[in-house]
Amino acid sequence: PGLGLTLWLPPGAAASDAPSCDPQAAPIVGGSARLQRQGQMLVYQCPEGQFPYPRPVRECRSNGRWSPLNPPGGRPLAKAECRAIQCPGPLEFDNGHFHPRQPRYNISQTLTFECFEGYTLRGPHNRTCLPNGKWSGGMAICDDGEGQCPDPGIPIGATKDGQHYRVEDRVRYRCGRGLVMFGSKERTCQESGAWSGTEPECRDPSTYDTPQEVSSAFIASLSETVEVADPNRTTSENVKRRIRIEAGGSMNIYLVIDASDSVGEGNFSRARDVLVQLIEKISSYGVFPRYGVLTFATDPKIVVKTVEPESSDADWVSTKLGELKYDSHALRSGTNTRAALQAVLNMIIQQEQDEIRKGHKVAPVANSTRHVLVLMTDGETPLYPQTQLHPPRAGPHD
Ligand SMILES: *[C@@H]1O[C@H](CO)[C@@H](O)[C@H](O)[C@H]1NC(C)=O
Ligand SMILES: *[C@@H]1O[C@H](CO)[C@@H](O)[C@H](O)[C@H]1NC(C)=O
Ligand SMILES: *[C@@H]1O[C@H](CO)[C@@H](O)[C@H](O)[C@H]1NC(C)=O
Ligand SMILES: *[C@@H]1O[C@H](CO)[C@@H](O)[C@H](O)[C@H]1NC(C)=O
Ligand SMILES: *[C@@H]1O[C@H](CO)[C@@H](O)[C@H](O)[C@H]1NC(C)=O
């Protein structure tokens, strides 16, 4: 999937020859609008529990008008409006039933799940629609325990193909209309009794993650990353132990920081300091991954490459990161996330060539290395959050 609409001014586009648009001409019903990028961008905000429809951001076009409000598959709207956030409804549920049945649910409505006889409920009995448009808790699954892998379940808003859960069996997921898939759309039952990939999720584009969700997902994903790389799969051990096993650089961590002018110097420095702390935290576990560090605005700037020998020296990387200055991007009008991710991909390709040159038949970077990407951005590229990064040869660990 692409990044959708990427807003960035080409190098050389100075404020003087930029078009000007009237913010008064593009109000939002029920919310507020603010200008960014020297008046080139209008950002809508709504009260909690609502989202700007049909889109959160408009750009000033060369004809002096704001970009039109085309809802997906609909006719252009005259005015943007704040709409109530809702949670999607289940499209399918195996071996049980749920109620109430609605296409969409209001915030704080509850869904209750029950299983048919012979099936045991895994996951919560009730799930509540949260103010960010997501359901509380994890998947509710009715499982009879007959498969070699547990029933992988069906995320709310998705349909599933595949009813057998023996080794090598596959399930495929699709999201309902207007929802965006996160996680693996296809999973295979592995000999270990676990499904490949990660649990999929179907999200409405208006949903967002709360800081608490980001924090717990980040820890879970970091420890899972390390755990999968550990052939012994000692799930009962704590994160610290598992991460320790990972020592030796078979994990790459890419730290990518948005330095565009919408971020501002204060938030840039905060993002940088958070990442310095992250590096310290990780090395306190006795893990020494390789780091790749880059900043980006209209163009990416590489600070540390994973092929540099010092890239696994946490102190050296922290120092390089700590020295970063916001104003190093002289012309920093744009937020070119795509170019930044491309730069990360190029780093992986370079490391692969490097490893092959050093005599590996199959470059570990493309086969067994775990890749962790931390992108610090204000998200002011209208944003289609799912950006999947594939290493040069997608292996089982991408
Ligand atoms: C959801 O909210 C809308 C608007 O507030 C309301 O009209 C509708 O009755 C609500 N539906 C349910 C099931 O609560
Ligand atoms: C689930 O919700 C129903 C009402 O919606 C309530 O009666 C029940 O106690 C709840 N069950 C649990 C386990 O929270
Ligand atoms: C896996 O466990 C065995 C036995 O406890 C141990 O000898 C071996 O070193 C472990 N392997 C790894 C990669 O930790
Ligand atoms: C970070 O950005 C937000 C939103 O633009 C702003 O309100 C806040 O003051 C900024 N923080 C710092 C430290 O600059
Ligand atoms: C990764 O390497 C292992 C061992 O060398 C090999 O068995 C496996 O097929 C490789 N996977 C890919 C995707 O190249």
Side-chain angles (χ1 to χ4, degrees), residues 7-8 23 28-54 56-59 80-91 93 97-113 126-136 156-157 176 178-179 204 206-211 214-215 255-278 295-297 321-322 324-329 332-335 337 374-383 385:
L7 283 185
W8 56 284
I28 177 163
V29 180
S32 61
R34 66 191 157 92
L35 286 175
Q36 291 220 328
R37 309 228 169 111
Q38 290 96 39
Q40 296 303 294
M41 193 162 102
L42 193 63
V43 180
Y44 291 132
Q45 279 175 316
C46 290
E48 171 158 307
Q50 298 184 14
F51 70 100
Y53 180 85
V57 177
R58 296 173 77 173
E59 64 181 306
E81 59 191 41
C82 289
R83 290 201 172 174
I85 290 177
Q86 291 185 308
C87 290
L91 297 179
F93 186 65
H97 44 79
F98 64 89
H99 67 90
R101 287 178 166 268
Q102 293 168 210
R104 323 198 106 244
Y105 296 77
N106 291 347
I107 292 169
S108 64
Q109 270 195 281
T110 298
L111 259 179
T112 300
F113 299 90
N126 287 343
R127 300 182 71 179
T128 305
C129 177
L130 302 173
N132 59 357
K134 294 202 263 185
W135 289 99
S136 66
I156 289 183
L179 302 178
D204 190 284
S206 66
T207 58
Y208 56 91
D209 302 315
T210 62
V214 172
S215 141
L255 307 175
V256 182
I257 316 175
D258 184 346
S260 62
D261 63 357
S262 62
V263 172
E265 176 144 28
N267 280 314
F268 176 83
S269 308
R270 278 164 74 182
R272 181 195 59 204
D273 297 346
V274 163
L275 294 177
V276 168
Q277 285 181 37
L278 177 69
T295 60
F296 71 103
L321 189 59
L324 281 183
K325 292 279 183 298
Y326 179 57
D327 51 19
S328 66
H329 286 268
R332 55 170 173 270
S333 34
T335 303
T337 316
V374 181
L375 172 63
M376 301 296 263
T377 174
D378 61 355
E380 305 253 329
T381 0
L383 144 143

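Whatever order the structure lists them in is the order used to number ligands and atoms, beginning at 1. Excluded from the calculations below are hydrogen atoms, water molecules and symmetry mates; all remaining heavy atoms, backbone and side chain alike, are included.
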Residue pair Pro131 / Ile107: nearest heavy atoms and the distance that separates them: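 Minimum heavy-atom separation between Pro131 and Ile107: CA-CD1, 3.7 Å.
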
Minimum-distance pair of heavy atoms, taken over all atoms of Pro88 and Gly133: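 Closest heavy-atom pair between Pro88 and Gly133: CD-O, 3.9 Å.
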
Between Asn132 and Thr207, a side-chain donor and acceptor under 3.5 Å: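 No, no side-chain donor-acceptor pair sits under 3.5 Å.
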
[atom]: which protein heavy atom is closest, and how many Å away?
| atom | result |
| --- | --- |
| atom 3 (C) of ligand 4 | Asn267 ND2, 3.4 Å |
| atom 11 (N) of ligand 1 | Asn106 ND2, 2.9 Å |
| atom 14 (O) of ligand 4 | Gly266 CA, 3.4 Å |

Atom 9 (O) of ligand 4 within contact range, any protein heavy atom under 4.0 Å: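 No.
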
Protein non-hydrogen atom found under 4.0 Å from atom 5 (O) of ligand 1: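 For atom 5 (O) of ligand 1 the answer is no, since every protein heavy atom stays at 4.0 Å or beyond.
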
Validation row: Asn106, Gln86 side chains within 4.5 angstrom (heavy atoms):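 The answer is yes; the side chains approach within 4.5 Å.
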
Arg272 to Phe268 six-membered ring, cation-pi geometry met (6.0 Å, 45°):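 No cation-pi geometry.
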
Gln102 N/O to ligand 1 N/O under 3.5 Å: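 Gln102 vs ligand 1: no N/O contact under 3.5 Å.
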
Value rounded to 0.5 Å, distance of SG in Cys129 from CH2 in Trp135: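 Output value for this atom pair is 5.0 Å.
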
Where ligand 1 meets Gln109 - atom numbers and elements under 4.0 angstrom, heavy-atom basis: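 Checking each atom against Gln109, I get 13 (C).
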
Part of Arg270 with heavy atoms under 4.0 Å of ligand 4, whether side chain, backbone, both or neither: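 Only the side chain of Arg270 comes within reach of ligand 4.
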
